[in-house]
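See below for the structure under consideration.
Throughout, a chain's letter reflects where its sequence line sits, starting with A, and its residues are numbered from 1.
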There are 2 protein chains.
Amino acid sequence: MQKVPKWQALADDLAAKIREGVYRPGDSLPLIREQVAAGMGSKTTVQAAYSALESEGLVTTTRGHGTSVRRRPPRLVRRHQDRYAWEKRRALLDSTTRRESGVVEHDTGLAHEEIECHAAFNTVQADDDLAGRFGVDVGTLLLHRHYWHSTPGSPTAMSLIDSYLVHAVAARNPALLDSKREPWPGGTQHQLRTVGIEIDVIEDGIRTRLATPEESRHLAIPSASPVLILDKTSISTEGEVVEYSHVILPGDRTEFRYSVQLERWTQ
Amino acid sequence: MQKVPKWQALADDLAAKIREGVYRPGDSLPLIREQVAAGMGSKTTVQAAYSALESEGLVTTTRGHGTSVRRRPPRLVRRHQDRYAWEKRRALLDSTTRRESGVVEHDTGLAHEEIECHAAFNTVQADDDLAGRFGVDVGTLLLHRHYWHSTPGSPTAMSLIDSYLVHAVAARNPALLDSKREPWPGGTQHQLRTVGIEIDVIEDGIRTRLATPEESRHLAIPSASPVLILDKTSISTEGEVVEYSHVILPGDRTEFRYSVQLERWTQ
DNA sequence: GAGTGGTCTAGACCACTGT
DNA sequence: CAGTGGTCTAGACCACTCC
């Protein structure tokens, strides 16, 4: 026999009702004060239940308004094998074709005008972690580029990206150092091509952790809900790490997909 | 200017001290009642801060004992491209070689005797989701196999696995229906080989969500911390989906790694 | 201004750990 | 047994939304 806390029992009960469709997306849940009046516990207890449901992404709460069942945003499937190959082929196209559509459009299926790109650049000295990833000395100058994309006028980011290049390499084309040139038609692989680099292999690392309060706000996900973290390392045909990006993605809206082709048994 | 709740300010403060090494792994944090006495807020407030730190995986709390800084478990890196290929080659080996080491040993680096395998089988009828994945009719009989692995005697699972096969296919070798034959030397790919199936492609889908309280207990992760979910679909050389598994992995101990090889530009 | 969720308090009891 | 974290209460105030 397990002792289930009262707040959790209430949360489970409401969650079940949401899944069964007793409360449907967009519906309002009983007000917290109503639950208290109905004898479901003290306000703190009911609050705990409601905030658990919020973390799970089942409901959204708005101060002064109430709590309602969340319309689950569709998961955006990221097929990186296709995506990276597509990005690479595109780097060879002429500038007008490249300008028509970028990776973000490719990922989201949105039109070019529906996406706003925000970029901020600065230079940093490689710390232990970054130096290790690039295989350079600690203190080496790196170009640090922070990006986020949104639909025009919206403060909600689709992802938060921190991308790094070795500064001396990027500086071979001064245009790459200018954040005002973003979004760059053709993306990073085209940018690297302008300094004579071709990408051979991209290594993806995927982890998860809870969102910080700031990330929750910026990505418009419930507080204390998880994010996915993608660490992407691009390796040139010379075998050198030429770009590293750290991408934070909303956990409830993201799915990665990889396809592993196996060698045939020959007998 | 942002209004930061008192509990969050306290949590941030303690988190910073942990990262700076003021409190080191294994150290005890000030007792909740001490913080209250020190005027850091009421018990509920301090409690909220401490439980936030627990969800983030920074501390562990034990009732009756106290709160101490968590020794971060090392992340287990899962390189599925290697893993699946290794598993496939192994299915061709003789039984004594296969018996020596399995995928779990391969993943964890543990010795054969250090791993205990728990298996429970039953049959289920395909619901909408499963039928869609296998491309069979709803109601089709499936063999459902639930697995979890642990170090001997420990109640802590390394992962929670639900694996499905079309029952009619598995039944071609009656030994496959018997959970007492698990762990099967050579794994699923060898099992499928005994019924004449060779795997061609494996599709991985990766998502995240918060752990349920039960998962938190079983995987020994903090409550309200995230898990990673792997949906693995195996496709035979005939192009049919022959196995589907749903794997729940501890978010703080798992990292996926994929390597994407790109085609060269030819000019 | 009325009503909502979010935070905070002071104090109580419970479940569990150590000795 | 004393002392810990976990839960719960009743009541207060605040920040916000909507009318």
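Non-hydrogen atoms lying under 4.0 Å from DNA chain C are contributed by B:R63, B:G64, all within residues 56-64 of chain B.
Qualifying side chain to side chain contact (heavy atoms under 4.5 Å, CB included) partners for A:L31, counting only residues two or more places apart in sequence or in other chains: A:E34.
Residue contacts shown for B:S51 are absent, as no nucleic acid heavy atom lies under 4.0 Å away. Using a 4.0 Å heavy-atom criterion, one finds that A:K43 contacts the bases of the nucleic acid, with or without backbone contacts as well.
A salt bridge links B:R70 to B:D252: at least one charged side-chain nitrogen sits closer than 4.0 Å to a carboxylate oxygen.
Regarding A:L53, its CG atom lies at a distance of 13 Å from the P atom of C:dG5, rounded to whole Å. Per the geometry, NZ belonging to B:K3 stands 10 Å off P belonging to D:dC14, to the nearest Å. In this structure, B:I32 places its CD1 atom 12 Å from C1' of D:dT7, rounding to the nearest Å. A:E34 places its CD atom 7 Å from the P atom of C:dT4, with the value rounded to the nearest Å. For the pair A:Q47 CD and C:dT4 C1', the computed distance is 10 Å after rounding to whole Å. Between the NZ atom of A:K6 and the C1' atom of D:dT7 there is a distance of 10 Å, given to the nearest Å. Counting to the nearest Å, the P atom of C:dC8 and the CD atom of B:Q35 are 14 Å from each other. Taking atom CZ of A:R33 as the reference point, atom C1' of C:dT4 lies 6 Å away to the nearest angstrom.
Distance from the side chain of A:W7 is smallest to D:dC8 among C:dT4, C:dT17, D:dC8. Listed nucleotides D:dA10, C:dG5, D:dT17 differ in distance to A:T44; the shortest reach to its side chain belongs to D:dA10.
Side chain of B:R75 to main chain of B:T254: a donor-acceptor pair is present (N/O by atom type, distance under 3.5 Å, no hydrogens or angles).
Only one option out of B:H80, B:R78, B:R79 pairs with B:Y258 in a side-chain hydrogen bond (donor to acceptor under 3.5 Å, both in side chains); it is B:H80.
Using a 4.5 Å cut-off on side-chain heavy atoms (C-beta onward), A:L110 and A:H149 make no contact. The shortest distance between side-chain heavy atoms of A:W148 and A:P155 does not fall below 4.5 Å.
Nucleotides of DNA chain D nearest to A:S42 and B:L29 differ in position, and the one nearer the 5' end is that of B:L29.
For A:L228 against A:T208, the heavy-atom pair with the smallest separation is CD2-CB, 4.4 Å.
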